[in-house]
2 protein chains.
Amino acid sequence: MRDTADRLVITAEHREILGQVLDKWSVLVLEELCECPRRFNELRRLIPVTQKSLTATLRRLERSGIVQRVVVSDRPVAVEYRITPLGKTLRDPVDAILRWTEEHRHDIEQARARFDEDTPG
Amino acid sequence: MRDTADRLVITAEHREILGQVLDKWSVLVLEELCECPRRFNELRRLIPVTQKSLTATLRRLERSGIVQRVVVSDRPVAVEYRITPLGKTLRDPVDAILRWTEEHRHDIEQARARFDEDTPG
DNA sequence: CCGTATCCAGAGAGATACTG
DNA sequence: CAGTATCTCTCTGGATACGG
């Protein structure tokens with residue numbers, strides 16, 4: 001959806017999708033699952049997230065078709081989460097953002113130091 | 001910061017920067033300011049955001065060196081917000097994400113419809 | 001015009017306890 | 001092991017009113 005100036009028009013729907021997919025923990029979960037499938041508690045060990053939030057994150061990603069929940073065996077229950085083909089298409093753009101934060105971290109720190117110094121209070 | 005497998009290692013700092021720069025309104029403000037400098041109330045007309053949230057968003061972006069606040073004249077006060085060179089480097093990666101939401105919107109909708117149908121409750 | 005100050009409601013996050 | 005169920009608490013964010 002672009003206007004005559006070929007400019008991106010951001011709708012509420014775009015924002016909604018972004019909120020679901022690029023939130024605090026989703027990015028971390030995606031990065032992990034792009035490496036290989038992971039179990040629930042395995043993800044918990046890798047990411048400093050509570051059970052509740054991890055469950056919510058996985059459900060949202062599963063609902064949107066980004067990850068897949070696979071029951072591997074019963075007794076004891078084993079569940080594995082895998083990235084889907086749709087989820088894989090997210091990796092490059094997300095990595096681009098992450099690389100940006102990496103490359104410009106110091107610029108940002110310097111800007112903040114300047115701002116905090118200049119700004120009274 | 002990559003490990004031996006050349007895998008991105010996401011730190012709390014990455015997440016902090018992402019949270020400041022890719023939040024609900026920042027993306028919209030960035031898109032607008034990449035077009036041309038804008039006044040405060042001009043941005044309000046273009047974006048469905050409250051005064052409070054717009055002020056907060058602009059301050060955060062200004063603090064991190066992404067946008068610049070320029071007082072154009074007094075009496076009546078006129079203030080202009082401009083994208084900085086650092087801010088411009090954000091445009092491509094952010095556009096990549098937005099394009100992703102655009103291209104995969106329908107896949108996501110379908111996945112959600114399936115999920116909601118299959119999931120009792 | 002460009003904000004700041006204040007209040008208030010709702011979402012999200014942590015801690016904890018419990019279940020198939 | 002892989003969750004669900006509460007409860008509490010903070011924090012965001014909208015609405016509103018006021019100020020330089």
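Predicted model, so just to flag it, every value in this text is computed and none were measured. Below, read A as the first sequence line, B as the second, and so on, with proteins coming before strands; counting in each chain starts at 1.
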If you measure only the distance, is there a donor-acceptor pair under 3.5 Å linking the side chains of A:Trp25 and A:Ser53?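 No.
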
For A:Arg112, give me all partners under side chain to side chain donor-acceptor pair (under 3.5 Å), at least two apart in sequence or on another chain.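 Per chain and number, A:Arg112 pairs via side chain to side chain donor-acceptor pair (under 3.5 Å) with B:Glu16, B:Ser64.
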
For the residue pair [X] and [Y], establish whether any side-chain heavy-atom pair is separated by less than 4.5 Å.
{"X": "B:Leu98", "Y": "A:Leu18", "result": "yes"}
{"X": "B:Gln68", "Y": "B:Tyr81", "result": "no"}
{"X": "A:Glu31", "Y": "A:Val29", "result": "no"}
{"X": "A:Ile66", "Y": "A:Leu33", "result": "no"}

Return yes if some donor-acceptor pair links the side-chain N/O of A:Thr84 with the main-chain N/O of A:Gly65 below 3.5 Å, else return no.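 Yes, the answer is positive, given that a donor and an acceptor are paired below the 3.5 Å cut-off.
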
List the residues meeting side-chain contact (heavy atoms from CB on, under 4.5 Å) with A:Arg82, not counting sequence neighbours, and say none if there are none.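 A:Arg82 satisfies side-chain contact (heavy atoms from CB on, under 4.5 Å) with A:Pro37, A:Val70, A:Glu80 only.
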
Within residues 47-73 of chain B, find the residues that approach DNA chain C with a heavy atom at under 4.0 Å, and present them sorted by residue number.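 Nucleic-acid contacts, sorted: B:Gln51, B:Lys52, B:Thr55, B:Arg59, B:Arg69.
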
Using the closest heavy atom to pick a nucleotide of DNA chain C for each, name whichever of B:Arg39 or A:Val77 lands nearer the 5' end.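 This one resolves to B:Arg39.
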
By nearest heavy atom, map B:Phe40 and A:Lys24 onto DNA chain C; which one lands nearer the 5' end?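 Per heavy-atom nearest nucleotide, the more 5' residue is B:Phe40.
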
What are the two closest non-hydrogen atoms of A:Val77 and A:Arg39, and how far apart are they?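 Minimum heavy-atom separation between A:Val77 and A:Arg39: O-NH2, 4.2 Å.
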
Among A:Asp92, A:Leu22, A:Leu90, the one residue meeting side-chain contact (heavy atoms from CB on, under 4.5 Å) with B:Trp100: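 The passing option is A:Leu90.
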
Spacing between [X] atom [atom1] and [N] atom [atom2], to the nearest angstrom:
{"X": "A:Arg44", "N": "D:dC1", "atom1": "CZ", "atom2": "P", "result": "11 Å"}
{"X": "A:Tyr81", "N": "D:dG3", "atom1": "OH", "atom2": "C1'", "result": "8 Å"}
{"X": "A:Arg75", "N": "D:dA2", "atom1": "CZ", "atom2": "P", "result": "15 Å"}

Kindly calculate the angle separating the two end axes of the helix from C:dC1-D:dG20 to C:dG20-D:dC1, each obtained from five base pairs, and round it to 10 degrees.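 Inter-axis angle at the termini of the helix from C:dC1-D:dG20 to C:dG20-D:dC1: 50°.
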
I'd like the 5' and 3' limits of the part of DNA chain C contacted by chain B, with heavy-atom contacts below 4.0 Å.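 With heavy atoms of chain B under 4.0 Å away, the range is C:dC1 to C:dC7.
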
Selection residues 51-73 of chain B - residue pairs positive for ring-ring contact (aromatic ring centres under 6.0 Å, His included), sequence neighbours left out: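 Checked against ring-ring contact (aromatic ring centres under 6.0 Å, His included) - neighbours excluded - no pair reaches residues 51-73 of chain B.
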
